[in-house]
2 protein chains.
Amino acid sequence: MRSSRQRDAVLEVLRASCDHPTADIIFERVREQIPNISLGTVYRNLGQLKDEGFITVVESSDTKVHYEGNLSDHIHFLCKNCHNITDIFCETKIPSVLTDMGHKVQSQKTVYYGVCKDCRDNIN
Amino acid sequence: MRSSRQRDAVLEVLRASCDHPTADIIFERVREQIPNISLGTVYRNLGQLKDEGFITVVESSDTKVHYEGNLSDHIHFLCKNCHNITDIFCETKIPSVLTDMGHKVQSQKTVYYGVCKDCRDNIN
DNA sequence: TTGCTAAGTAGTAATGATTACTATTACTGT
DNA sequence: ACAGTAATAGTAATCATTACTACTTAGCAA
């Protein structure tokens with residue numbers, strides 16, 4: 001993988017994003033720097049960056065894939081009302097059942113679902 | 001939601017499945033009982049069953065949505081090699097950080113990624 | 001029972017996120 | 001500078017899922 005302005009921009013945008021943007025949102029943001037970048041280029045680079053371990057994917061409730069540039073160990077809280085994804089930094093430990101079963105664990109993804117504080121305050 | 005043969009069959013198939021089938025796999029299996037069921041009917045019923053809380057959705061690495069009829073508290077292990085999803089029954093507890101932040105937690109989904117025992121044995 | 005009505009269905013068309021393709025461009029080592 | 005090859009822009013194709021429509025059926029009330 002050799003360097004390219006487009007891929008650098010995609011990674012930079014993702015690292016600067018505190019939300020968890022979809023490919024089309026990333027496309028919009030990168031276009032501010034590179035107006036004629038192609039959506040296909042964004043998708044291709046997101047795929048490569050994911051394969052190389054520079055970014056990760058967040059599963060959400062909508063049909064689009066969300067991306068994330070923050071690789072530090074954390075989990076997510078997804079609000080069923082506003083659909084915001086919040087990063088939650090807390091320690092995660094691998095259940096011994098898995099290793100006992102002989103599986104090799106490399107990574108994990110945890111998502112908690114519920115109603116966030118802001119939505120609770122606004123609803124009640 | 002009134003009863004329908006098609007929806008009953010979809011739920012029955014899903015409850016009898018120990019894998020985590022996609023809509024088209026469920027479609028195939030239900031067709032053994034109801035040969036002329038429509039794929040759209042399968043999708044619509046999966047959606048309703050999910051909304052009513054009878055089934056859940058499992059996020060995986062492929063583009064298709066996987067469904068699950070087993071509602072008991074458990075997590076998943078996804079093998080990066082064979083892509084099988086294994087149910088892991090172990091206790092899960094909500095991090096206090098979440099409730100401390102004022103969020104209301106209703107459910108959770110945890111997936112561990114790695115290489116399963118069978119694949120490790122075959123590869124090595 | 002019978003009729004009414006709204007929910008459900010089969011079959012098919014449409015949608016839309018993602019991927020593939022192709023001619024062209026731009027890194028990078030020699 | 002040049003060759004070789006990865007990367008790009010723009011566009012077409014894919015395909016899982018959803019929407020639509022005419023028809024059917026569950027379920028209730030007279």
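In what follows, every chain begins at residue 1, and chains take the letters A, B, ... in the order their sequences are listed.
A 4.0 Å heavy-atom criterion places the boundary nucleotides of DNA chain C facing chain B at C:dA6 to C:dG11, written 5' to 3'.
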Please report, to 0.1 Å, the donor-acceptor pairs under 3.5 Å made by any side chain of residues 95-104 of chain A, with sequence neighbours excluded.
{"residue": "A:T99", "atom": "OG1", "partner": "A:S96", "partner atom": "O", "Å": "3.0"}
{"residue": "A:H103", "atom": "ND1", "partner": "B:K117", "partner atom": "N", "Å": "2.9"}

Result block: side-chain N/O donor-acceptor pairs under 3.5 angstrom for residues 31-41 of chain A, not counting sequence neighbours:
{"residue": "A:S38", "atom": "OG", "partner": "A:G40", "partner atom": "N", "Å": "3.3"}
{"residue": "A:T41", "atom": "OG1", "partner": "A:R44", "partner atom": "NH2", "Å": "3.2"}

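Between A:Y67 and A:I26 there is a side-chain heavy-atom pair separated by less than 4.5 Å. For the pair A:I25/A:R29, a side-chain contact is recorded, criterion being any heavy-atom separation below 4.5 Å from C-beta on.
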For nucleotides 1-5 of chain D, tabulate all protein N/O to nucleotide N/O atom pairs closer than 3.5 Å, reporting atom names and distance.
{"residue": "D:dT5", "atom": "O2", "partner": "A:R2", "partner atom": "NH1", "Å": "3.2"}

Open item on the list: Before you tell me yes or no, could you show the steps for A:T110 and B:I75 under side-chain contact (heavy atoms from CB on, under 4.5 Å), namely the whole-Å CA-CA distance, both residues' side-chain angles and the distance that decides it to 0.1 Å?
Closed with: CA-CA 9 Å; A:T110 301; B:I75 60 175; over 6 Å; no

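In this structure, B:K109 is positioned above the aromatic face of A:Y113, its NZ or CZ under 6.0 Å from the six-membered ring centre and within 45° of the axis.
Both B:V30 and B:L11 are part of a single hydrophobic cluster, where members link through side-chain heavy atoms under 4.5 Å apart. The cluster map of Ile, Leu, Val, Met, Phe, Trp and Tyr, joined by side-chain heavy atoms under 4.5 Å apart, puts B:F54 and B:V57 in the same cluster.
Residue A:S4 places no side-chain N or O under 4.0 Å from the OP1 or OP2 atom of D:dA6.
Distance CG/A:D87 to CG/A:D19: 10.0 Å, rounded to 0.5 Å. With values rounded to the nearest 0.5 angstrom, A:C116 atom SG is found 12.0 Å from A:I85 atom CD1. To the nearest 0.5 Å, atoms CG (A:L78) and CG (A:N84) are separated by 8.5 Å. B:H83 contributes atom NE2, which lies 9.0 Å from atom OG of B:S60 (distance to the nearest 0.5 angstrom). Annotation: the span from B:Q6 atom CD to B:N45 atom CG amounts to 7.5 Å, rounded to 0.5 Å. B:I94 contributes atom CD1, which lies 10.0 Å from atom CZ of A:F77 (distance to the nearest 0.5 angstrom).
Summarising the geometry, the separation between CE on B:M1 and C1' on D:dT25 is reported as 16 Å, rounded to the nearest angstrom.
Near DNA chain C, defined here as any heavy-atom distance below 4.0 Å, the residues from residues 8-37 of chain B are B:N36, B:I37, listed numerically. Near DNA chain C, meaning a heavy atom under 4.0 Å away, the residues from residues 51-69 of chain A are A:K64, A:V65. Shown for residues 41-49 of chain A: residues whose heavy atoms fall under 4.0 angstrom of DNA chain D, namely A:T41, A:R44, A:N45, A:Q48.
Computed from C1' positions of five pairs at each end, the angle between the two local axes of the helix from C:dT1-D:dA30 to C:dT30-D:dA1 equals 40°, rounded to 10 degrees.
With sequence neighbours left out, the side-chain hydrogen bond (donor to acceptor under 3.5 Å, both in side chains) criterion links B:Q106 to A:K80. With sequence neighbours left out, the side-chain hydrogen bond (donor to acceptor under 3.5 Å, both in side chains) criterion links A:D8 to no other residue. Under the side-chain hydrogen bond (donor to acceptor under 3.5 Å, both in side chains) criterion, A:D24 pairs with A:T22, A:K64, not counting sequence neighbours. Not counting sequence neighbours, the partners of A:E68 by the side-chain hydrogen bond (donor to acceptor under 3.5 Å, both in side chains) test are A:H20, A:H74, A:H76.
Each of B:L39 and A:Q6 lies near DNA chain D, and the nucleotide nearest A:Q6 is the one positioned closer to the 5' end.
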